[in-house]
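Below is one structure, written out as structure tokens; comments come after it.
What you see is a predicted model; the values in this text were computed from it and never measured. Each chain gets a letter, A, B and so on, in the order its sequence line appears, and its residues count up from 1. Basis for what follows: all heavy atoms, side chains included, without hydrogens, waters or symmetry-related copies.
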Amino acid sequence: MSATPIAAQPPVWRRLIGFNMLTGLALGIGGWFLGAWIGGQMAVGHPYLQGTDQNDVGIYMGYLFAVIGWLVGLGFANYPIGRLLGRAPSLRHHETGSWTRYFRLCTDHKVVGIQYLFGVGIFFFIGGLNAMLMRTELLRPVEQAWPASQYLTLVSLHGTMMIMMTSAFILGPFGNYFVPIMIGARRMAFPRIEALTFWLVPAAGLILLSAIAFGGIATGWTGYAPLADEGRAGMDAYVMSFILIAISLTLVGLNLMATILTMRAPGMSWTRLPIFVWSVLATSILMALAAPVLVASMTMVLMDRAANTSFFVASVGGSQYLYENLFWFFGHPEVYILALPGFGIVLEILPVFARKPLWGYRLAVAGMLGVTLLSFMVWQHHLFVSGMNAGLRPFYMLTTELISIPTGFIFLNAIGTLWRARIRFTVPMLFALAFFFNFLIGGLSGIFLSDVPSDVTTHGSYFVMAHFHYTIVGGLVFAFFGAVYYWLPKMLGFELNETLGKIHFWLFFVFFNLTFFPLFAAGFLDMPRRVSTYAPHLQTLNIFVSASAYVIGLSMLIFIANLIWSLVFVRQPAAENPWVSRGLEWQVPTPVPIENFDRIPVITSGPYEYGVPNAPPVADFAPGALPAAGR
Amino acid sequence: MTTIAGEPVPRHGVRIFAIWLVLTAIAVPLIVLVLGPHLPPPHMTVESVDQRNANIVMTALLVPIALLVLVYFIYSFVFFRETTDAIVDGPPIKGHAGAQLLWIVLTSTIVLALAVWGSYTLIAGAHGAGGGQGPDPAAKPTGYQHALPVQVIGQQWEWTFRYPTYGGIETRDLAIPEHTLVAFHVTSLDVTHSFWAYELGVKADAVPGVDNIAYVNPRHTGLFQIRCAELCGLWHGHMSKKGRILASSAFQAWISAAQKKNASIVKYLPKYSRVYYPAPLRRAG
Ligand code: HEM
Ligand SMILES: [Cu+2]
Ligand SMILES: [Cu+2]
């Protein structure tokens, strides 16, 4: 690390000018108009390029140029252009110090992690707000609060926003921030790509939100053709934002995979790799293999809409089954992209607060890799009654049920780790334990859906809706908050208020279950998904659910209050290792120095050796001139 | 009772097992006898009865699994918690080959049994379980050649029905006769819908260009609810109506009345066909 003092900062207004978010926004908006104009010119004289009420070519070109403008404004073109002009590569020198680095292209993985945390967090709250608005509509069985089209747009925005943002809910903030530290590296394998993956996320989020101005989205998050082909221009926003997110996810996957495979410190053998890093590795494989399929299928929708091709239009030779297959070939691995990082987080947290080694480490790894492999073989369970491949239904029933075996391993790991443990119920531990309760219900309800005779009734009903909220919210989101309470002291350097944390937890946990458990019953009582009107006898149930959902909203406000209170007002500096964890990430100073480690450490033992007599420290931080041999 | 360092150690495993056994012994009969009859779908057809039985069996099997995990967790919260403020390490147990093997064998057995049983009920028992099986069904019930064909046409945002054996008339109400095997031929004129007849235990996607067949054996007369189970645009939630299972004679009366009513317009209908290709889509809301 160089000891050069940071130069005196220029005044604030001067720092606003340059390659940053503001410039990106300005160029993005400019790019939109330029692109829309170019697209308009392209379509002139080609009636087949124009829909009946809009020119989709213009809209797509607008979005494309807006994204380019956004990235150029952020400074993504500087490096390649500079290299072309023969300038020296510059990486780190203006990345220290000032808070403005959070609003610019920054290749420090810790900065990207925090950018992700807040960036994705903001969109997550927008998605949550949509949920509150939907629950308001569902207070009465007839349309009341919003017209049907707006309700559908709310459903679609909520679903798409949530899926897009929570795909990198854990890998974005915590993967980027902690994986390099946990494997003893100084950075990610591809730092500029890492920055790109983050800055594509706000672009995708804003483009998705722009659908509100373009007639909304009527398809839900699954965007089934040919309904997508019919949709107004809001559908173009959906297509474009999904393409951007999928590109981002692919790159996140490749980057993390390369980092974990090639940049582990000496002594970080596969059996010493923290279980969270294993889960990130498994997820990154899913991302790199599944997300490109989404780009492909969205591009086909784009062509169908903009250039009147007919991949999915039956009357001119296409097939809607093609879309369903492509979408769910991405879509099912996607749900494990959501679930696996959660497994990693809870198994990472459990040993620390049980004060015991992770029970059955190899089994956990096998479980995650097993889920990864199997998740590519089950996608047609979403299509049991579609009329496609009915003869293959037993096969997909089998593969789907097989996935519960490796998933069960994770439960056994928890059971073993808690056995005769010395459990401390800290806030992160509460979230981790709640994960198991919720995921148990989510997983077992999935068995109903995998059984074809049962699925005939539950498919497309609120039962499905309850099932996936139990796995995504009850699983992923609970794990996310566990990680927030566990790692934020290291990331931001301040303690979070524990009492507020516990209030947040209990409200969220209790009312999450009160919100979603009754919805299994709603599904059993023939309430279909994605409707704003329903049978009057279900009104009491729905009012109860809506009221509970509002309390979830309240618990989130308490969380935000906790953040503001702890980070802005109290500012109690966090200890270096407040949980007395053996994890490598807790052995580095707070705040983490820009290079993470003075020297690349040599890993001397596993991270979960709690209670092992004479266990060596996890790593040697000042290894001799020659690092010890052997990986 | 084993002892470690002179202190007696309670036999946690035995206790947990005993608690679980008691709870399971209470829960399973309750599920089968009390909850079971309320599980969906209602029993108007052979298929829906099979589906309900599947739901009962699965609930009775899965609730004990859930109880095992829950009892264990709650037990561990009570007995394995740190009571002091100090941070003390627990025993460094890293795994137990026997326990892992047992778990793998148990879960695999349950899962394989479920899959085999599910496939059996799907194909041999329930003949497709009321789900759409596409143009060439894999599981055909006996006597499927003589099933009464009823075409279900989904369109934004209405269901209509055609009876090819009764002159191809098209109606807005659905009626089917009791004790007669019915073959629903589900298709769509525009986007994907899903024909869901709740009490019949029938669900089949209505896909443009596809004839999606679902079989059903009505057991007794009554009303059933029809809905759309696949998002199809603005008024998706309004594609609901009531269908009827009629006694044979009542059905004959109903269909001849419908034929009479249809007589003057049936010549304007497109010729009955397994699928229809109306003019290409136009953009709508
Ligand atoms: C307070 C928490 C939440 C509430 C009250 C809530 C409520 C809802 C409601 C009412 C729907 C519409 C259901 C329908 O008609 O089909 C829905 C759909 C959905 N939600 Fe949530 N939700 C919450 C949180 C989340 C989170 C955190 C995620 C993901 C991380 C999520 C993902 C989805 C998805 C993917 C859909 C499907 C949208 C579609 O049908 O296309 N939800 N949610
Ligand atoms: Cu799936
Ligand atoms: Cu419909």
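- Chain A forms the most heavy-atom pairs under 4.5 Å with one residue out of Phe79(B), Trp103(B), Phe77(B), and that residue is Trp103(B).
- Between chain B and the residues Gly460(A), Ser386(A), Ala414(A), the most heavy-atom pairs under 4.5 angstrom are made by Ser386(A).
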Would Phe437(A) and Phe73(B) satisfy ring-ring contact (aromatic ring centres under 6.0 Å, His included), going step by step from the backbone distance to the final call?
CA-CA 9 Å; Phe437(A) 179 80; Phe73(B) 268 71; 9.3 Å; no
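- For Arg305(A) (side chain) and Ala228(A) (main-chain N/O), a donor-acceptor pair under 3.5 Å exists by modelled atom type.
- For the options Val456(A), Leu402(A), Thr533(A), heavy-atom pairs under 4.5 Å to chain B are most numerous at Val456(A).
- Among Leu358(A), Val580(A), Thr219(A), Leu392(A), the residue making the largest number of heavy-atom pairs under 4.5 Å with chain B is Thr219(A).
- At a 4.5 Å heavy-atom cutoff, Ala615(A) makes no contact with chain B through either its backbone or its side chain.
- If you measure heavy-atom distances from Phe425(A) to chain B, the contacts under 4.5 Å come from the side chain alone.
- Both the backbone and the side chain of Glu401(A) come within less than 4.5 Å of a heavy atom of chain B.
- Contact annotation for Arg530(A): both backbone and side-chain heavy atoms come within less than 4.5 Å of a heavy atom of chain B.
- With ring centers used as reference points, Phe327(A) lies under 6.0 Å from Trp221(A).
- For Tyr321(A), there are no ring pair (Phe, Tyr, Trp, His ring centres under 6.0 Å) partners, not counting sequence neighbours.
- Here salt bridge (charged side-chain N to carboxylate O under 4.0 Å, His left out) pairs that include residues 94-114 of chain B, with residues two or more places apart or in two chains, are Glu609(A)-Lys94(B).
- Between chain B and the residues Gly391(A), Ala148(A), Gly523(A), Ala421(A), the most heavy-atom pairs under 4.5 angstrom are made by Ala421(A).
- Contact of Ala54(B) with chain A is made through the side chain alone, with heavy-atom distances under 4.5 Å.
- No other option in Gly201(B), Ala204(B), Ala214(B), Ser119(B) has as many heavy-atom pairs under 4.5 Å with chain A as Ser119(B).
- The part of Leu363(A) that comes within reach of chain B is its side chain, from C-beta onward, which places non-hydrogen atoms under 4.5 angstrom from that chain.
- Taking Phe436(A), Phe384(A), Tyr361(A) one by one and counting their heavy-atom pairs under 4.5 Å with chain B, the maximum is reached by Phe436(A).
- Side chain of Trp157(B) to backbone of Cys232(B): a donor-acceptor contact under 3.5 angstrom is found.
- A 4.5 Å side-chain heavy-atom check between His193(B) and Asp190(B) finds at least one atom pair inside the cut-off.
- Options Ala139(B), Pro40(B), Ser108(B), Ala99(B) differ in how many heavy-atom pairs under 4.5 Å they form with chain A, and the most are formed by Pro40(B).
- Contact annotation for Glu230(B): only side-chain heavy atoms (C-beta onward) come within less than 4.5 Å of a heavy atom of chain A.
- Contact annotation for Arg227(B): only side-chain heavy atoms (C-beta onward) come within less than 4.5 Å of a heavy atom of chain A.
- With sequence neighbours left out, Lys241(B) forms a salt bridge (Lys or Arg N to Asp or Glu O under 4.0 Å) with Glu158(B).
- Contact tally against chain A (heavy-atom pairs below 4.5 Å) for Asp89(B), Val207(B), Thr83(B): the top residue is Asp89(B).
- Among Trp196(B), Tyr276(B), Tyr75(B), Tyr277(B), the residue with the largest count of heavy-atom pairs under 4.5 Å with chain A is Trp196(B).
- Both the backbone and the side chain of His96(B) have a heavy atom closer than 4.5 Å to some heavy atom of chain A.
- In this structure, chain A has no heavy atom under 4.5 Å from any part of Val63(B).
- Only the side chain of Val69(B) has a heavy atom closer than 4.5 Å to any heavy atom of chain A.
- Within the 3.5 Å criterion, the main-chain N or O of Gly131(B) finds no donor-acceptor partner in the side chain of Tyr215(B).
- Residue Ser48(B): no heavy atom, backbone or side chain, is found under 4.5 Å from chain A.
- Arg274(B) places a side-chain N or O within 3.5 Å of a backbone atom of Pro135(B) that can act as its donor or acceptor partner.
- Using a 4.5 Å cut-off between heavy atoms, Ile213(B) makes no contact with chain A at all.
- Contact annotation for residues 443-451 of chain A against chain B (heavy-atom separation below 4.5 Å, listed by residue number): Leu444(A), Ile447(A), Phe448(A), Asp451(A).
- Ranked by heavy-atom pairs shorter than 4.5 Å toward chain B, the options Arg424(A), Glu324(A), Met388(A) are led by Arg424(A).
- From Ile405(A), atom CD1 reaches atom CD1 of Ile110(B) across 9.5 Å, with rounding to the nearest 0.5 Å.
- Residues Asn55(B) and Ser454(A) have side chains that bring a donor and an acceptor to within less than 3.5 angstrom of each other.
- At least one side-chain heavy atom of Tyr198(B) sits less than 4.5 Å from a side-chain heavy atom of Thr457(A).
- The shortest side-chain heavy-atom distance between Lys242(B) and Phe224(B) does not fall under the 4.5 Å cut-off.
- Without hydrogens or angle criteria, Glu199(B) side chain to Gln225(B) main chain gives a donor-acceptor distance under 3.5 Å.
- No side-chain N or O of Glu137(A) forms a donor-acceptor pair with one of Gln150(A) less than 3.5 Å apart.
- Using modelled atom types and a 3.5 Å distance limit, the side chains of Asp205(B) and Ser194(B) yield a donor-acceptor pair.
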